[in-house]
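Just so you know, these numbers use all the heavy atoms, side chains as well, and skip hydrogens, waters and symmetry mates. Numbered from 1 within each chain, the chains take letters A, B, ... in sequence-line order.
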2 protein chains.
Amino acid sequence: MLTTLGNITMGITERRQRQKEEVRASILSAAWQLVSTEGWQAMSIRKIADAIEYSVPVIYDHFENKEAILLEFTKQGFRLLNDTIKKATAPYTEPEAQIEAIAYAYWNFAFDNNEYYQLMYGMGLPGCDTVAQISELKDFTGLVMDPINRMMEKSGNKDAEAFLKLHTFWSMLHGMVSINMMNKGNSRDELNMMVLKDFIKGFISGIKV
Amino acid sequence: MLTTLGNITMGITERRQRQKEEVRASILSAAWQLVSTEGWQAMSIRKIADAIEYSVPVIYDHFENKEAILLEFTKQGFRLLNDTIKKATAPYTEPEAQIEAIAYAYWNFAFDNNEYYQLMYGMGLPGCDTVAQISELKDFTGLVMDPINRMMEKSGNKDAEAFLKLHTFWSMLHGMVSINMMNKGNSRDELNMMVLKDFIKGFISGIKV
DNA sequence: GTACTTTTGCTAACAACGTTAGGAAATATA
DNA sequence: TATATTTCCTAACGTTGTTAGCAAAAGTAC
């Protein structure tokens with residue numbers, strides 16, 4: 001076969017590539033249908049094959065494995081988040097306003113695109129709803145709440161904000177931990193200790209207003 | 001059969017209960033061996049059965065299902081965390097010092113007991129190490145870093161802390177989101193907006209020192 | 001000690017999963 | 001028309017969680 005430009009064979013390979021990409025797109029479409037309705041844990045190669053009306057091995061002609069499909073969505077998720085942030089900051093020029101806009105945009109993105117977010121940060125399996133039923137968790141919140149309450153008493157603040165401060169404290173800690181666990185290996189180094197120290201200082205002084 | 005105290009039959013049922021609890025304990029022991037060495041995703045009923053030298057269905061006489069075993073560890077994890085926090089705060093009386101001690105204790109607990117922590121917060125499956133290879137993530141950090149840098153320029157701070165502040169910002173946001181996603185349903189309410197606003201205010205003013 | 005009941009723990013199966021080998025059928029090339 | 005290639009399926013392997021049903025052992029009662 002000659003690779004002459006404008007040859008018929010050229011059109012055939014182009015059509016084939018086009019068809020191949022159509023199948024690939026339909027795989028992603030069917031996969032996302034599953035992810036968005038039943039969660040990413042419920043996505044399976046066999047269900048995708050069923051949905052696109054092809055046999056199972058065809059999927060492996062387009063993706064190396066199941067994880068590669070999910071990785072595609074993870075990337076898509078970050079692209080979507082980046083776009084959202086760009087749009088959110090665009091109306092502002094002052095960095096303070098932009099940071100605030102980013103925070104709100106990030107927050108809304110997470111809950112508007114729940115399934116994307118869970119994929120992006122590897123959130124998943126064990127009892128998502130059962131966590132609330134663990135009595136030990138209440139003990140934990142009590143333990144942290146106590147010094148916060150006492151700090152507020154010292155500075156004459158009202159009780160209503162204690163739960164708020166607990167939330168802030170816990171969120172920050174868990175955020176730091178889980179982000180560090182993703183990029184595993186680098187944890188517990190100087191930078192992290194500085195971030196932690198920086199946060200604690202700010203947190204304490206924030207209560208004593 | 002009579003339930004007279006000190007009867008022989010009484011001793012039999014007691015021994016049976018003791019033996020049953022021994023099996024239950026050996027299940028948990030074998031399960032934890034798997035979780036701690038290969039991660040909680042690698043734990044399987046069949047591997048446990050193999051390790052304790054019983055057949056598979058025996059496990060279901062002690063636990064309703066696989067999730068129940070993992071839930072046991074989740075509870076154990078929170079108990080361990082609570083004990084750690086109690087010990088950490090004990091040497092101090094001032095709430096400020098206690099809060100600081102809690103933060104460090106929490107941080108160290110997370111990395112000393114990696115598998116517990118991942119279980120407790122439902123962290124898991126998708127490419128934990130592949131996340132670092134996503135190019136879109138760099139775009140994201142760039143987007144957030146930009147206004148932070150400009151804020152620091154405005155206030156005459158040095159560049160070295162910008163990455164630190166980015167880390168703080170990101171951690172806080174992700175922490176809030178993921179903790180809210182666990183207790184799903186309550187999200188995006190007034191309290192969360194207050195926490196978010198509170199954090200942003202503190203974050204911005206923290207940069208302008 | 002023998003007959004009956006309960007407990008115990010097994011084999012075997014079901015349904016679903018990711019992944020792959022090997023070959024049949026369709027298509028394109030000479 | 002014969003050959004080479006691509007496409008795509010059947011069928012299997014080895015996992016997984018979970019359960020039905022039955023054999024053997026242990027305890028109970030006479």
The side chain of B/Y60 lies closest to which of these nucleotides: D/dT19, D/dC8, D/dT16? D/dT19
Given A/W107 and A/Y117, is the ring pair (Phe, Tyr, Trp, His ring centres under 6.0 Å) satisfied, shown in steps? CA-CA 10 Å; A/W107 179 265; A/Y117 198 89; 9.4 Å; no
Does the side chain of B/L28 come within less than 4.5 Å of B/F73's, by heavy atoms? yes
For A/I59 and D/dT7, give me the distance from atom CD1 to atom P, rounded to whole Å. 16 Å
More 5' along DNA chain C: A/A42 or A/E64, using each one's nearest nucleotide? A/A42
Show me the pairs that pass ring pair (Phe, Tyr, Trp, His ring centres under 6.0 Å) and involve residues 45-64 of chain B, at least two apart or across chains. none
State which of C/dG18, D/dC9, D/dG17 makes the closest approach to the side chain of A/K66. C/dG18
Just call it for B/Y54: base, sugar-phosphate, or nothing, with non-hydrogen atoms closer than 4.0 Å on any strand. sugar-phosphate
Of the candidate nucleotides C/dG9, D/dC8, D/dT18, which contains the atom at the shortest distance from the side chain of A/D61? D/dC8
Hey, is the main chain of A/Y92 close enough, under 3.5 Å, to the side chain of A/Q98 for a donor-acceptor pair? yes
Any donor-acceptor N/O pair, B/S29 side chain to B/A25 backbone, under 3.5 Å: no
Once you round it to whole Å, what is the distance between P of C/dC17 and CD1 of A/I69? 13 Å
Rounded to whole Å, please give me the gap between CE in A/M43 and C1' in C/dA16. 15 Å
Atom NZ in B/K87, atom CG in B/N82: separation rounded to 0.5 Å? 11.5 Å
Evaluate whether atom CD of A/Q19 has more than 12 neighbouring non-hydrogen atoms of other residues, nucleotides or ligands under 6.0 angstrom away. yes
Would you kindly give the NE2-to-P distance between A/H62 and C/dT20, to the nearest whole Å? 16 Å
Within this structure, what is the CD-to-C1' distance between A/Q19 and D/dT6, rounded to whole angstrom? 12 Å
Give the rounded distance in Å between these two atoms: CD1 of B/I45 and P of C/dT11. 17 Å
Could you list by number each residue of residues 23-35 of chain B showing a heavy-atom separation from DNA chain D of less than 4.0 Å, or answer none if no residue does? none
Report the distance from atom CZ of B/R18 to atom P of C/dT7, rounded to the nearest whole Å. 18 Å
Tabulate atom names and distances for all N/O pairs under 3.5 angstrom spanning the protein and nucleotides 10-14 of chain D.
from   : atom 1 : to    : atom 2 : distance (Å)
D/dA12 : N6     : A/R46 : NH2    : 3.4

Out of curiosity, A/Y106 OH to A/T84 OG1, how far, rounded to the nearest 0.5 Å? 11.5 Å
Output for pair (A/F169 CZ, A/L166 CG), nearest 0.5 Å, gives 9.0 Å
Rounded interatomic separation in angstrom, taking CG from A/N65 and P from C/dC17: 16 Å
